[in-house]
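Read the structure below first, then the notes.
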Amino acid sequence: MTFDQLGLIQPILKALKTEGYTQPTPIQEQSIPIVLDGHDLLGLAQTGTGKTAAFAIPILQILHNNGGNSKGYKHIRALILTPTRELAVQIDESFASYGRHVGLKHDVIYGGVSQYTQTASLRNGTDILIATPGRLMDLMNQGYVHLDHLEIFVLDEADRMLDMGFITDVKKIIREIPEQRQTLFFSATMPPAISGLADSILYKPQRVEVTPVSSTAERIDQSVYFVAGRDKNALLMHLINEHRITRSLVFCRTKHGADKIAKELKKNGVNADAIHGNKTQNARQNALQNFKNGRLKVLVATDIAARGIDIDDLTHVINYDLPNVPESYVHRIGRTGRAGASGIAFSFCNGEERAYLKDINKLIGQKIPAVGHPYEMSAEAAASEAPSPKQQRPNANRSNRPNGNNRRRPSPSPRSNS
Ligand code: AMP
């Protein structure tokens with residue numbers, strides 16, 4: 001299947017050629033005709049499957065064919081609601097890329113920065129608005145945004161909206177948009193609250209489902225490194241050097257941890273920075289930009305900050321800490337190996353994290369192979385770091401237990417000796 005066979009107009013085909021896209025991904029192949037036909041869509045797909053283009057391309061085509069780029073004030077005709085600022089910026093960039101020859105105006109609004117540039121840009125109206133819920137509500141209440149001419153509404157990452165506590169805002173926004181509209185609803189998972197919302201806002205939707213969360217992991221080369229918490233930094237440096245890693249996303253659980261890892265890497269001469277919720281939006285965008293253009297070798301991130309980050313040619317994802325929610329593991333490693341490319345994921349696992357590893361293996365339906373290395377954790381050290389039965393799961397939200405200082409530091413055992 002080619003993009004030509006999907007009946008796309010020349011200005012879009014030309015842009016896709018510039019992007020180097022040769023054929024549609026499965027979600028695009030299935031969704032584009034449905035959207036072009038004017039149907040509502042329920043898309044079960046996560047970031048990394050090409051879902052942005054699956055809605056952006058037909059939206060550009062519909063708006064272009066049906067009204068085009070009229071002069072004068074532009075009413076908002078398409079709204080894309082997405083949970084994080086990073087995703088909003090990324091979606092806006094996608095509209096810029098795919099729509100470069102279409103001539104429609106698009107704008108992005110998100111919180112954490114001054115609203116001034118956003119409202120200034122909206123002054124003459126826009127065709128397509130990409131927004132996070134909080135800032136959109138804010139600007140609607142201030143009278144900067146009017147949605148009464150809306151034709152297409154996209155709810156992106158609906159399950160994440162629920163996780164992040166935005167669902168009430170989302171429902172309020174939906175009450176403000178015209179009932180007569182086309183709705184595209186995307187979610188990686190379908191918990192009851194989300195399927196209830198989908199039922200209430202979609203009209204006779206066509207359902208499209210691609211790569212369930214547990215199978216995305218299959219095309220990524222995964223391995224686990226058993227290591228004591230205190231040796232994780234040394235192991236990280238070792239892997240960066242041994243594998244000559246030039247662009248890697250490193251995940252950890254806490255904001256403080258992210259800063260500490262980035263600092264340690266810099267001390268060792270590796271260009272690194274951290275992104276997390278405590279950093280200003282500008283600091284996050286700068287770090288992301290530097291990472292994308294190759295100035296940074298390593299970007300250290302927490303789960304929320306990294307959600308949906310789209311970096312081409314990301315070869316390695318390193319889980320410095322294992323996530324306590326197994327689905328996060330799949331989301332994390334999905335940052336590499338995008339749109340069919342292959343990728344590599346290394347995961348560090350200390351004694352406390354073995355229970356998390358078990359849950360992850362269960363979710364992905366395979367045992368991630370362990371790899372020998374110079375900082376390998378002895379069985380004795382693993383047992384001393386492991387939580388006592390009382391502290392063990394299923395309490396997934398338990399906090400990190402500080403390492404006891406009476407534990408013997410495991411001596412690095414070079415691989416040749418093992
Ligand atoms: P998304 O799931 O929308 O975040 O997209 C994941 C990545 O796949 C992005 O880097 C896109 O630029 C890329 N991508 C989307 N569609 C295609 C395609 N048809 N061919 C190649 N890459 C694509």
Side-chain angles (χ1 to χ4, degrees), residues 1-8 12-33 35-36 41 43-61 78 80-100 106 108 128 130 154-160 184-189 208-213 215-217 219-220 247 249 288-289 291-294 299 301 303 305-317 330-343:
M1 166 73 80
T2 62
F3 282 108
D4 297 78
Q5 289 167 308
L6 290 174
L8 299 180
I12 293 178
L13 289 174
K14 198 170 148 196
L16 295 178
K17 212 166 164 193
T18 311
E19 286 299 300
Y21 293 5
T22 49
Q23 61 182 74
T25 64
I27 182 95
Q28 292 161 6
E29 196 176 314
Q30 295 175 64
S31 306
I32 292 173
V35 183
L36 286 178
L41 178 81
L44 270 124
Q46 61 184 122
T47 303
T49 55
K51 86 175 145 70
T52 313
F55 63 77
I57 291 172
I59 288 176
L60 286 162
Q61 178 145 334
I80 293 91
L81 211 49
T82 193
T84 69
R85 304 150 186 187
E86 279 80 11
L87 273 170
V89 170
Q90 237 159 250
I91 295 170
D92 187 55
E93 286 169 359
S94 297
F95 272 99
S97 303
Y98 311 141
R100 70 181 84 217
H106 53 93
V108 59
I128 301 159
I130 300 113
V154 181
L155 184 61
D156 185 37
E157 309 236 343
D159 51 351
R160 192 49 49 163
L184 318 177
F185 188 109
F186 289 91
S187 195
T189 57
V208 166
E209 185 168 352
V210 294
T211 46
V213 69
S215 65
T216 324
R219 62 192 153 73
I220 296 166
R247 196 176 299 180
L249 194 54
L288 203 55
Q289 208 45 47
F291 189 55
K292 282 185 178 176
N293 63 27
L299 188 66
D303 286 298
R307 175 83 187 170
I309 283 181
D310 177 19
I311 299 142
D312 290 335
D313 308 325
L314 180 68
T315 53
H316 292 78
V317 163
V330 182
H331 287 306
R332 285 179 178 192
I333 71 168
R335 307 297 106 229
T336 182
R338 307 203 110 191
S342 59

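Just so you know, these numbers come straight off a predicted model, no measurement behind them. Counting starts at 1 for both ligands and their atoms, in listed order.
Each of the following atoms of ligand 1 lies closer than 4.0 Å to a heavy atom of Gln23: 18 (C), 19 (N), 20 (N). Counting atoms of ligand 1 from 1 in the listed order, those under 4.0 Å from a heavy atom of Phe3 are 19 (N). Residue-ligand proximity, Thr52 to ligand 1, at heavy-atom distances under 4.0 Å covers atoms 1 (P), 3 (O), 4 (O).
Within the 3.5 Å criterion, the main-chain N or O of Phe3 finds no donor-acceptor partner in the side chain of Gln28.
Taking only nitrogen or oxygen atoms, main chain and side chain alike, Gly50 reaches within less than 3.5 Å of ligand 1. Polar contact check, Gln90 against ligand 1: no nitrogen or oxygen pair lies under 3.5 Å apart.
Closest heavy-atom approach to atom 21 (C) of ligand 1 among the candidates Phe186, Tyr21, Tyr98: Tyr21.
Residues satisfying the side chain to side chain donor-acceptor pair (under 3.5 Å) test with Thr2, not counting sequence neighbours, are Gln5.
For the pair Val154 and Ile91, the minimum side-chain heavy-atom distance is 4.5 Å or more. With contacts defined as side-chain heavy-atom distances shorter than 4.5 Å, the pair Leu16/Leu8 qualifies.
Closest approach of Val208 and Ser31 over heavy atoms only: CG1-OG, 3.9 Å.
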